[in-house]
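Step one of this worksheet: look at the structure below.
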Amino acid sequence: MRAAVDACRGLRLLRQEPWECLASFICSSTKQIVQIRQIVRELAGAFGEPVAAPADRGPLHAFPGPAALASAGEAALRACRLGFRAPYLLDAAERVVDGRLDLEAVGRMPTVEAREALMSVDGVGPKVADCVLLFAYGRQDAFPIDVWVRRALAELYFPKARRLRPERLARFSTVHFGPYGGYAQQYLFHHIRLRAGRVGPTPTARVTPTGGSEDGR
DNA sequence: CTCCAGGTTATAC
DNA sequence: GTATAACATGGA
């Protein structure tokens, strides 16, 4: 993996606030990263509290809390280009508001339980749950397998395989990469996207999952 | 126009 | 158990 490592020195894993992370990744399914960032910005602009911003930037808004989104209603969420993900995000917000999902308690659970708790939300499957575990809760063994990581694994580790079941890749990732698999996942992600020309070859290595909560220009 | 995008779910063999 | 379509929206 030397090529990937060389092209990405200084890579870090984020520790995002759990709700923002969960909500952002719920918005992420079958969306391009640039569009996910757009959705997050729209949600912040529509429902988030203003925060202090430099004069040369546009108005900044914090990512809206679960209560703000729960009371927004599905139609208002759809207006932020969420499409079929709107009811998913709404379900997540309502669960957090009424306590069925306690994001603080999730942080104290063993990883397997935490994963199940996250996946109780409609629209949260294995990949999104693993992203939240890795990017919000710091579970460095979490190994989110998205379309890019799947390609990287298939190409680098199973070049002969005709068809790779998700469960097969999941099992391989845990036994092969172990407790710091999350870092390996990030390098694989960056490597395969770099090679595909989807990201510039800058060595800044700022691999951001969804973009954060800024609403500026 | 067709295909794909940091997936998940419902439905049918 | 496994396979496939549908889900909104926008960009390539």
Side chain proximity check, A:Ile39 to A:Leu82, heavy atoms < 4.5 angstrom:
yes

Quick one: label A:Arg85 by what it contacts on the DNA or RNA (base, sugar-phosphate, nothing), any heavy atom closer than 4.0 Å.
base

Regarding the side chain of A:Thr30, the nearest nucleotide among B:dG6, C:dA3, B:dA5 is B:dA5

Against the side chain of A:Gln35, the closest entry in C:dA3, C:dT9, B:dG7 is C:dT9

Could you state the atom-to-atom distance from CD1 of A:Ile39 to C1' of B:dG7 in whole Å?
13 Å

Would you kindly give the CG-to-C1' distance between A:Leu77 and C:dT9, to the nearest whole Å?
15 Å

Validation row: A:Leu169, A:Phe158 side chains within 4.5 angstrom (heavy atoms):
yes

Say we look at B:dT11 and C:dA8: how far apart would their P atoms be, to the nearest angstrom?
14 Å

Regarding A:Arg150, tell me which of base, sugar-phosphate or nothing describes its non-hydrogen contacts under 4.0 Å with the strands shown.
nothing

Between P on B:dT8 and CZ on A:Phe25, what's the gap in Å once rounded to a whole number?
11 Å

Within the 4.0 Å heavy-atom criterion, would you say A:Val34 contacts the bases, only the backbone, or no part of the nucleic acid?
nothing

Base, sugar-phosphate, or nothing: which does A:Pro144 touch, judged by heavy atoms less than 4.0 Å apart?
nothing

With respect to the side chain of A:Phe84, which nucleotide from B:dG7, B:dG6, B:dT9 is positioned closest?
B:dG7

Would you mind reading off the distance between A:Arg198 atom CZ and B:dA5 atom C1', rounded to a whole angstrom?
8 Å

Under a 4.5 Å cut-off applied to non-hydrogen side-chain atoms, are A:Tyr88 and A:Val128 in contact?
no

Look at the side chain of A:Lys31 against the base of C:dT9 and say whether a donor-acceptor pair falls under 3.5 Å; ignore hydrogens and angles.
yes

Walk me through it: do A:Phe172 and A:His176 pass the test ring-ring contact (aromatic ring centres under 6.0 Å, His included)?
CA-CA 6 Å; A:Phe172 170 80; A:His176 187 73; 4.7 Å; yes

Taking for each residue the nucleotide of DNA chain B bearing the nearest heavy atom, is the 5' side occupied by A:Val121 or by A:Asp146?
A:Asp146

Is A:Arg78 near enough to C:dA8 that one of its side-chain N or O atoms lies under 4.0 angstrom from OP1 or OP2?
yes

How many whole angstroms separate atom CZ of A:Arg151 from atom C1' of B:dA5?
9 Å

Student check: side-chain heavy atoms of A:Asp130 and A:Ile145 closer than 4.5 Å:
no

Carboxylate-amine/guanidinium proximity below 4.0 Å for A:Arg171 and A:Glu167
no

Atom pair distance, as rounded to whole Å: OH in A:Tyr88 and C1' in C:dA8:
11 Å

Whichever of A:Gln32 and A:Gly83 has the more 5' nearest nucleotide on DNA chain C, that residue is A:Gly83

Quick one: label A:Gln185 by what it contacts on the DNA or RNA (base, sugar-phosphate, nothing), any heavy atom closer than 4.0 Å.
base

Rounded interatomic separation in angstrom, taking CD1 from A:Ile26 and P from B:dA5:
21 Å

Taking atom C1' in both C:dT2 and B:dG6, what distance in whole Å separates the two?
25 Å

Just wondering, do A:Phe189 and B:dG6 stack (centres under 5.5 Å, planes under 30°)?
yes

Round to the nearest Å and state the distance from A:Ile36 atom CD1 to B:dC4 atom C1'.
13 Å

